[in-house]
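Not measured: the values here are computed from a predicted model. Each ligand, and each atom within it, is numbered from 1 in the order the structure gives.
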Amino acid sequence: MGSITLIGTGNMARTIGTLALTGGNSVEVMGRDQSKADDLAKTLGGGATTGRWGAVPAGDIVITALLYDGVVPVVAEYGDALAGKVVVDISNPFNATFDGLAHSEETSIAQEVAKVAPAGTDVVKAFNTVFRNVLEKGRPDVFIAGDSAQAKAGVAAFVESLGLRPLDVGGLKMAPWLEGMGLVTVGLAGKGVGHWDFALGVNEFTG
Ligand SMILES: NC(=O)c1ccc[n+]([C@@H]2O[C@H](COP(=O)([O-])OP(=O)(O)OC[C@H]3O[C@@H](n4cnc5c(N)ncnc54)[C@H](OP(=O)(O)O)[C@@H]3O)[C@@H](O)[C@H]2O)c1
């Protein structure tokens, strides 16, 4: 199976890390607070390791499990340490009232990450449309966007190793619409569906 590094030590890092280990992947944790990284690696068990903040990640796939406004600065701070990696942005840049994006609708955190990432780094948007509780309890579809077919294939294989279904929505220019889907999901949780135990997915009606 694959190797991943989680940059971030919060809820999504814990959930994705747990699923990744169950799926047979090796997991490294990095946090700006080293003690939180050490604690999470210990909690995860399964041979999870920690890396030093800003060092070259051990994982081929680097998941930035950070609040949205930290993602671009942290990728810029890591700089060349991320060269050759596949960086997966999972963030939802919601505005303060959760009814719009925190940035212009003509971009996305993932596209801004691609601008600051070193040459040879591929950026993929994934996981942002899925609430953490559904990742823990269900088998939701995970939509992914990115410009490199090879990088997306690697992320898709990782998603499959978690027991989830990856669905490619296209190039990185689709990332704003995935961020919009994140908003739709929150809207549904508050209105039409009325709870958080669901995920957007694809039903096929063929034949
Ligand atoms: N939770 C969900 O259901 C869900 C679903 C889909 C996508 N997401 C997205 O996943 C990301 C992580 O969510 P979460 O629920 O795991 O959040 P969380 O539990 O609050 O964890 C956030 C992590 O980001 C770190 N962080 C925040 N700002 C940072 C900065 N400027 N520099 C470095 N590290 C920073 C925090 O570090 P410290 O502990 O040191 O502050 C913490 O490790 C978010 O972008 C969110 O939109 C969440």
[atom]: nearest protein contact (heavy atom, Å):
atom                    : result
atom 17 (O) of ligand 1 : L67 CD2, 3.7 Å
atom 45 (O) of ligand 1 : L66 O, 2.6 Å
atom 47 (O) of ligand 1 : N92 N, 3.0 Å
atom 9 (C) of ligand 1  : I90 O, 3.4 Å
atom 15 (O) of ligand 1 : N11 CB, 3.7 Å
atom 23 (C) of ligand 1 : A65 O, 3.6 Å
atom 21 (O) of ligand 1 : G10 CA, 3.4 Å
atom 43 (O) of ligand 1 : T9 N, 2.8 Å

Shortest non-hydrogen separation from [X] to [Y] and the atoms involved:
X    : Y    : result
V116 : A76  : CG2-N, 4.0 Å
A110 : V123 : O-CG1, 3.5 Å
D122 : A151 : CB-CB, 3.6 Å
M12  : R132 : SD-CB, 3.7 Å
I16  : I90  : CD1-CD1, 4.3 Å
P166 : E160 : CD-CG, 3.5 Å

Would you say G31 touches ligand 1, if touching means a heavy atom closer than 4.0 Å?
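False for this residue.
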
Checking contacts here: is it the side chain or the backbone of [X] that comes within 4.0 Å of ligand 1, counting heavy atoms only? Could be both or neither.
X   : answer
S91 : both
F94 : neither
R32 : side chain

Check ion pair K125-E179 (N to O, under 4.0 angstrom):
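Salt bridge flag = yes for E179 with K125.
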
Does the side chain of [X] reach to within under 4.5 Å of the side chain of [Y], using non-hydrogen atoms?
X    : Y    : value
N128 : F143 : no
P176 : E105 : no
V29  : L44  : yes

Should we say atom CG of N95 is surrounded by more than 12 heavy atoms from elsewhere, each under 6.0 Å from it?
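Check passes, neighbour count above 12.
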
Polar contacts were defined as any N/O atom of the residue lying under 3.5 Å from an N/O atom of the ligand; does this apply to [X] and ligand 1?
X    : value
W53  : no
D69  : no
V130 : no
K36  : yes
M12  : yes

Which ligand 1 atoms are under 4.0 Å away from a heavy-atom of [X]?
X    : value
F127 : 6 (C)
G8   : 43 (O)
R132 : 1 (N), 2 (C), 3 (O)
V74  : 32 (N), 33 (C)
G70  : 30 (C), 31 (N)
Y68  : 45 (O)
F131 : 3 (O)

Taking atom types as modelled, is there a side-chain donor on T50 or E28 under 3.5 Å from an acceptor on the other?
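E28 and T50 do not have a side-chain donor-acceptor pair below 3.5 Å.
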
Applying side chain to side chain contact (heavy atoms under 4.5 Å, CB included), run through V74 and I7 and close with a yes or a no.
CA-CA 9 Å; V74 166; I7 301 183; 4.0 Å; yes

Which donor-acceptor pairs under 3.5 Å do the side chains of residues 53-69 make with protein atoms, sequence neighbours left out?
from	atom 1	to	atom 2	distance (Å)
W53	NE1	E77	OE2	3.0
D60	OD2	S3	OG	3.4
T64	OG1	V88	O	3.2

